[in-house]
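Beneath this line is the structure, given in structure tokens, with notes to follow.
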Amino acid sequence: EHIGSLIGRYTRVEEMGTEILKTLLEPIFASRAIIVLKEADGRTGKIRAVVGFTNNSILHKTIFIDDDFIFNQVIKKNELVNIREADYMIGKKKNPYIEKSVLAAPLSIGNYTIGAIALIDKKKDGGFTANNEILLSIVAQMISFGINNAKHLEIKEGEQELMREYVGM
């Protein structure tokens, strides 16, 4: 219910995403969280919301989806990813924003994936649970339309700003 009210309250992806991520961190005991939205080229994604990082320098960073084994699976294959600490530690591929575990779900509208929401580094031992997976999947479904609408509103406002600036309208 609280997340539903956040969707209607914000019109900017960063603001909406940040508040949603803050709401999720406590009940799931995650240390950090991010939202990545797929760019128009389909090959890259941009980090649009972050919570829990000591330095928010990754905000607005571009990720090459094919080079990121987590977001490749979530965004390109539209699959939930749950990598526990033990699995991540023995894996050969590492991500700069993950230390030990990650739970990520696609943000989808119908069969089209617009991005991903990821909870990073479970505070309690054992990694993210099946209940965490269910909760994140439900939240991802709930917020996809709101985030997509906010993204399109930002694009429209940007186009209008350009028209005023360069065309004088």
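Here the structure is a predicted model, which is why all the values come from computation and not from measurement.
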Hey, what do you get for [atom1] ([X]) to [atom2] ([Y]), rounding to the nearest 0.5 Å?
{"X": "Ile28", "Y": "Thr23", "atom1": "CD1", "atom2": "OG1", "value": "11.0 Å"}
{"X": "Asn132", "Y": "Leu80", "atom1": "CG", "atom2": "CG", "value": "10.5 Å"}
{"X": "Asp66", "Y": "Ile75", "atom1": "CG", "atom2": "CD1", "value": "10.5 Å"}
{"X": "Glu26", "Y": "Lys123", "atom1": "CD", "atom2": "NZ", "value": "8.0 Å"}

Determine yes or no for a side-chain-to-main-chain donor-acceptor pair under 3.5 angstrom, with [X] supplying the side chain and [Y] the backbone.
{"X": "Lys38", "Y": "Thr113", "result": "yes"}
{"X": "Asp121", "Y": "Ser31", "result": "no"}
{"X": "Arg84", "Y": "Phe128", "result": "yes"}

query: With hydrophobic residues grouped by side-chain heavy-atom distances under 4.5 Å, do Phe64 and Ile34 end up in a single group?
result: no
message: If hydrophobic clusters are built by linking Ile, Leu, Val, Met, Phe, Trp and Tyr wherever their side-chain heavy atoms come under 4.5 Å apart, do Ile58 and Phe69 end up in the same one?
response: yes
message: Set out, in order, the CA-CA distance, both residues' side-chain angles and the distance that settles side chain to side chain contact (heavy atoms under 4.5 Å, CB included) for Lys61 and Lys46, then state yes or no.
response: CA-CA 6 Å; Lys61 180 182 176 196; Lys46 188 171 278 189; over 6 Å; no
Write down the atom of [X], the atom of [Y], and the distance for their closest heavy-atom approach.
{"X": "Val74", "Y": "Pro106", "value": "CG1-N, 3.4 Å"}
{"X": "Gly42", "Y": "Ile65", "value": "O-CD1, 4.0 Å"}
{"X": "Ser101", "Y": "Lys122", "value": "OG-N, 3.0 Å"}
{"X": "Ala49", "Y": "Thr18", "value": "CB-N, 3.7 Å"}
{"X": "Asn78", "Y": "Ser108", "value": "OD1-OG, 2.8 Å"}
{"X": "Phe145", "Y": "Ile109", "value": "CE2-CG2, 3.3 Å"}

If you define the side chain from C-beta out and look only at heavy atoms, does anything of [X] sit under 4.5 Å from [Y]?
{"X": "Glu133", "Y": "Leu103", "result": "yes"}
{"X": "Ile70", "Y": "Ile98", "result": "yes"}
{"X": "Ile117", "Y": "Leu21", "result": "yes"}
{"X": "Leu107", "Y": "Leu37", "result": "yes"}
{"X": "Val139", "Y": "Ile143", "result": "yes"}
{"X": "Glu14", "Y": "Leu59", "result": "yes"}

query: Is Lys76 atom NZ crowded by more than 12 heavy atoms from other residues, nucleotides or ligands, each under 6.0 Å away?
result: yes
